[in-house]
Amino acid sequence: MESAAETFGSLVYSDAAMRETLPSDTYRTLKATIREGKDIDLQIANVVANAMKDWAVRNGATHFSHWFQPLTGATAEKHESFMALQKDGRGIMEFSGKELIKGEPDASSFPSGGLRATFEARGYTAWDPTSYAFIKEGTLCIPTAFCSFKGEALDKKTPLLRSMEVLSEQAVRILRLFGNTEVKRVCPTVGLEQEYFLVDKQVFLKRPDLKLCGRTLVGAPAPKGQELDDHYFGAIKPRVAVFMKKLDEILWKFGIPARTEHNEVAPSQHELAPLFSTVNLGVDQNQLMMEEMKKTADSLGLACLLHEKPFEGVNGSGKHNNWSLQTDKGVNLFEPGDSPSENAQFLLFLTAVIKAVDEYQGLLRMTVASASNDCRLGGNEAPPSVISMFLGDELVSILNCIGTGSKANGNRSQKLIINVHVLPDLPKDSTDRNRTSPMAFTGNKFEFRMLGSSFNAAGPNIVLDTAVASVLEEFADKLESSDDFGKTLNEIVSRTYKEHKRIIFNGNNYGPDWIEEAARRGLECYPSTVEASDVLRHPKTIELMKKYGVLGEAELESRREVILENYSKTVIIDASTLLEMVLKDIMPSASKYLKQICDSVIAIKAAVPDAACTSNETQIRTMQNNIESLSAEARMLGEAIEAAKAETDIHSKAVLCQTRLLVLMAEVRKYSDALEKVCSRECWSLPTYEDILFSV
Ligand code: ADP
Ligand code: MG
């Protein structure tokens, strides 16, 4: 049997596979085109397509598919076979450069937020050679961007690639100013930690809410939840261990370096973290990883829940976006260096991020907005919906000192030392961790923790890349036109820090006073998706995204529409599922149990006419009241669902969902949970929290 190291990446048309299968001049040209971000020449594409097809067929593929990420956030594919007919009627496996470069999926039913009128419903997909093609179930999947014929981005990848370009350009300018003449590209990197729940499939299938909505809509708390913290990093159960092993095997074949796996805080919650890669590849791999997690679980009689808040009262699941900048020479720009000049450069990049996050805090928050993440943010152990940054005390005290550095004359390097004289003490490893911060600097990268577990991670990275690029551009402009580099550098770092330090909060983000304190600091707060979606219309957002050609105004508006539409659809599906459960599961269970107590009171009274049945009678009365209230709330919920469905304005519809449906759902849940608490196990037809959370 082949070892894991030997099969690593065996399903990927990786750099090594390219080198092996392409003529060396084609390989070199392709790599150069990728490196420089240029368009692929058709002749080269023909050679690559043919080699790629031969490689894929050798590895069992019969079909190919352009693999893309529409605005739903999921991935989409349309399979076509390599098979073609020769003149003599024999078959031949063919794949042309044209087919590799461009595809035209019939994409009229992907959400486009009004960008694509139906008369020109077709968009096209374009090969993204910076992410590797891979074989999934006999199909060669080619990562592609998805655009309309007018060139508007209909997907998540196109703006991501654009944002990486602009960031690289501005970061290289800064490096040149520090005397670096070698670096040609700077690439954002990402390591995406993925949290998830694993539950038994049989139990899962008995819960309509888990099946249809991915989360429980009712459920009284189990007697034991996560209080004892005995699950976190605890021993991994055998069934889970089998899942993790099988998942690793398949992920490794896809070249996804899954590395750490451990139990998370909530019962049956786990985490998987791969090694980091470039943002584009990292996002693609995370999409593939989520798909494989679900499939692997299913094959083992388990269900993998990627919803942000599957259970009330226990931790939700997030995705941690560890973001950094790396040069094409492999240097991490957020790694404090050994020399004062390296450290000055580090501080400049650091303050650029501080400013970018502060300036575009609303936009960043918007990138993590969804109906499902609304259930999580601000809840148990999840960051609140206000952005702040954690730097740690050491860095903060250094940044505080810089403004007060003494001025001196002399050559450039001396000035750096003198102006930024405290630099040699930069902490190399920030062991000082704050796990409550939405955005924590963790020694050599920023960990953005607000993403929901089910998210496509492109959104936050598009904003981070573009916002940081815009600040770097401003810094580079100033430094390039300055005749005293050291002085200007010093001024930029100290002034930027002073102007934006309100975004830095090293304290407890889960604490009750933080939201008030944040408001006093003037930080933006968008409690839910409905408010956050407005940020896409803010002039500041439009200006930033337009300036760098990342997203135009129409493209931003389309995203706003898609976000609001998805929000309403999700809430309406959740509400309708809850209503069904009330009618078909909850009411029948409660009534059955109520009848049992009534029958037993009648039986007791028949046997002992003067017996006191006070506690039974109280219970009957309470249950009957709860059933009445439940049914009244459910009726109102039903009416509210119809009203929301009938509303045609997307914003008003979302507001109805937020202010009516979610509120009524909470009321329904209250009565349902009260009934569940007193009902016998035998009568309650739905699996309980205890059944689900401890099912594996
Ligand atoms: P923790 O659970 O303490 O946050 P982990 O070790 O589980 O830390 O995860 C850290 C994540 O950060 C990993 O996915 C890792 O690959 C990623 N990471 C490490 N260095 C970088 C970097 N330079 N750029 C992007 N991600 C990084
Ligand atoms: Mg983490």
Side-chain angles (χ1 to χ4, degrees), residues 8 160 163-164 167-168 171 183 185-196 229 231-234 236 244 247-248 251-252 254-266 269-290 293 315-337 342 345-346 349-350 352-353 381-383 389-392 427-451 453 455 457-458 460-462 464-465 468 509:
F8 185 83
L160 182 64
S163 75
M164 290 170 72
L167 177 56
S168 175
V183 167
R185 275 180 88 79
V186 168
C187 200
T189 51
V190 77
L192 291 158
E193 297 165 66
Q194 177 74 48
E195 290 176 337
Y196 61 97
D229 276 334
H231 187 68
Y232 192 45
F233 279 74
I236 294 173
M244 287 177 173
L247 181 62
D248 273 349
L251 293 181
W252 289 343
F254 281 128
I256 302 177
R259 238 172 74 114
T260 49
E261 272 133 316
H262 59 77
N263 288 351
E264 261 300 327
V265 175
Q269 191 186 28
H270 313 277
E271 183 192 283
L272 173 63
L275 282 179
F276 67 95
S277 48
T278 61
V279 161
N280 177 33
L281 190 60
V283 170
D284 282 1
Q285 290 187 335
N286 180 254
Q287 290 294 116
L288 188 55
M289 187 167 108
M290 290 194 285
M293 289 169 90
N315 284 6
S317 299
K319 181 168 357 234
H320 295 175
N321 191 94
N322 293 276
W323 180 93
S324 189
L325 289 178
Q326 198 174 52
T327 70
D328 51 7
K329 306 279 175 242
V331 174
N332 180 346
L333 296 178
F334 291 109
E335 189 93 59
E342 281 173 305
Q345 181 187 300
F346 162 81
F349 277 100
L350 181 74
V353 178
E381 304 284 313
M389 280 176 98
F390 168 83
L391 288 187
K428 281 279 150 53
D429 177 31
S430 158
T431 37
D432 178 13
R433 288 243 164 152
N434 180 327
R435 297 201 173 267
T436 70
S437 177
M439 168 83 82
F441 181 68
T442 53
N444 59 6
K445 60 187 187 301
F446 295 86
E447 185 174 0
F448 186 37
R449 301 193 177 107
M450 282 169 84
L451 283 76
S453 45
F455 271 57
N461 289 294
I462 293 168
L464 272 173
D465 295 354
V468 171
N509 283 258

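Scope of the values below: all heavy atoms of this structure, side chains included, with no hydrogens, waters or symmetry mates. Atoms within a ligand are numbered from 1 in the order they appear, just like the ligands themselves.
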Look only at interatomic distance and state if [X] has a nitrogen or oxygen under 3.5 Å from any nitrogen or oxygen of ligand 1.
| X | result |
| --- | --- |
| V190 | no |
| T189 | yes |
| R435 | yes |
| L275 | no |

Taking only heavy atoms of E447 into account, list the atoms of ligand 1 that are under 4.0 Å away from them.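 So the answer, numbered in order with elements, is 4 (O).
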
Find all atoms of ligand 1 within a distance of less than 4.0 Å from any non-hydrogen atom belonging to N332, and give their numbers and elements.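 Listed by number with element: 23 (N).
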
Could you tell me how the ring of W323 sits relative to the ring of F446: parallel (under 30°), tilted (30 to 60°) or perpendicular (over 60°)?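 Correct class here is tilted.
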
Verify, without hydrogens or angle tests, whether [X] (side chain) and [Y] (backbone) share a donor-acceptor contact under 3.5 angstrom.
| X | Y | answer |
| --- | --- | --- |
| R449 | S437 | yes |
| K319 | A457 | no |
| Q194 | S453 | yes |
| D328 | R185 | yes |
| T436 | N509 | yes |
| N321 | P460 | no |

Tell me the nearest of A258, P274, S277 to atom 14 (O) of ligand 1, using heavy-atom distances.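 Selected option, by shortest heavy-atom distance: P274.
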
With a 4.0 Å cut-off on heavy atoms, is E193 touching ligand 1?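 Per 4.0 Å heavy-atom rule, E193 contacts ligand 1.
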
Touching ligand 1 at all, E271? Heavy atoms, strictly under 4.0 Å?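 Heavy atoms of E271 do come under 4.0 Å of ligand 1.
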
